[in-house]
Amino acid sequence: MWSGGAGMGRQSLLEGHAFAVPPGAPHASVDLRPEPRAAREARLWVRSQVPPLGPEAADALDILVSEVVTNAVLHARTRFTVGVTRLDSAVLVTVADHNPQQPEPQAESDSRTSGRGLALLSALSDDWGVTTEPDGKCVWFVLAAAGPRGATR
């Protein structure tokens, strides 16, 4: 369900970053369980919440949503909330879980099949971050509707 207002600390998420969340920006969220199907459910739900995107932006959105949701499933192992806020020319996606452990960058490796999530966020989003919440953390990213330009971090 869409709602207006800052809610859920979205304004504070982006303070000091390239994007600002205007008061009353349309926002929707959905709660999911830490199950293998959650990434697919989240991708479909997020895509249904945003206006049509070009192929490059749509692909980047799918990859980024899959990555942050999969991390919540594998590492947080708690229920989590996926949020979408529509900005003037971008979308803000948040994944808030109930595990306070912060994600840590992993060393590059050709033999490992995981551990590339933060690198993907940097490469495909326009900005991203992690905020500490009273009962866990929130990983967020911003993607311009025109497609990824690379993170500004």
Output all residues satisfying side-chain contact (heavy atoms from CB on, under 4.5 Å) with Leu53, sequence neighbours left out; order by chain, then residue number. Val50, Ala57, Ala58, Leu61, Ala145

Please find the pair of heavy atoms, one from Arg86 and one from Gln49, that lie closest to each other, and give the distance. NE-O, 3.5 Å

Search all heavy atoms of Phe141 against all heavy atoms of Leu64 and return the closest pair with its distance. CZ-CB, 3.5 Å

For Thr70, enumerate each residue passing the side-chain contact (heavy atoms from CB on, under 4.5 Å) test, keeping only those at least two apart in sequence or located in another chain. Ala39, Leu74

Closest heavy-atom contact between Ser66 and Arg43? OG-NH1, 2.7 Å

Could you give me the CA-CA distance, side-chain angles and deciding distance for Leu121 and Val68, then say whether side chain to side chain contact (heavy atoms under 4.5 Å, CB included) is met? CA-CA 9 Å; Leu121 281 169; Val68 294; 4.1 Å; yes

With Glu41 as reference, evaluate Val69, Leu32, Val82 under the side chain to side chain contact (heavy atoms under 4.5 Å, CB included) test and give the passing residue. Leu32

For His27 and Gly83, which heavy atoms make the closest approach, and how far apart are they? CE1-CA, 3.9 Å

Trp45 backbone acceptor or donor facing Ser48 side chain under 3.5 Å: yes

Mind checking the CG-CG spacing from Asn99 to Asn71? Nearest 0.5 Å is all I need. 11.5 Å

Could you tell me whether the side chain of Asp126 and the main chain of Ala144 form a donor-acceptor pair under 3.5 Å? yes

Run the side-chain contact (heavy atoms from CB on, under 4.5 Å) test against Ala72 and tell me which residues pass, sequence neighbours left out. Phe80, Val95, Asp97

Reported CH2-to-CG distance for the pair Trp140 and Leu92, which is rounded to 0.5 angstrom: 7.5 Å

Applying side chain to side chain donor-acceptor pair (under 3.5 Å), can you list everything that pairs with Asp88, at least two apart in sequence or on another chain? none

Suppose we screen for salt bridge (Lys or Arg N to Asp or Glu O under 4.0 Å). Which residues come up paired with Arg47, at least two apart in sequence or across chains? Asp62

Show the nearest heavy-atom pair for residues Arg77 and Val73, with the distance to one decimal. CG-O, 3.4 Å

His98: side-chain contact (heavy atoms from CB on, under 4.5 Å) partners, not counting sequence neighbours: Thr78, Asp135

Quick check: closest heavy atoms across Glu67 and Leu120, and the distance to 0.1 Å? OE1-CD1, 3.8 Å

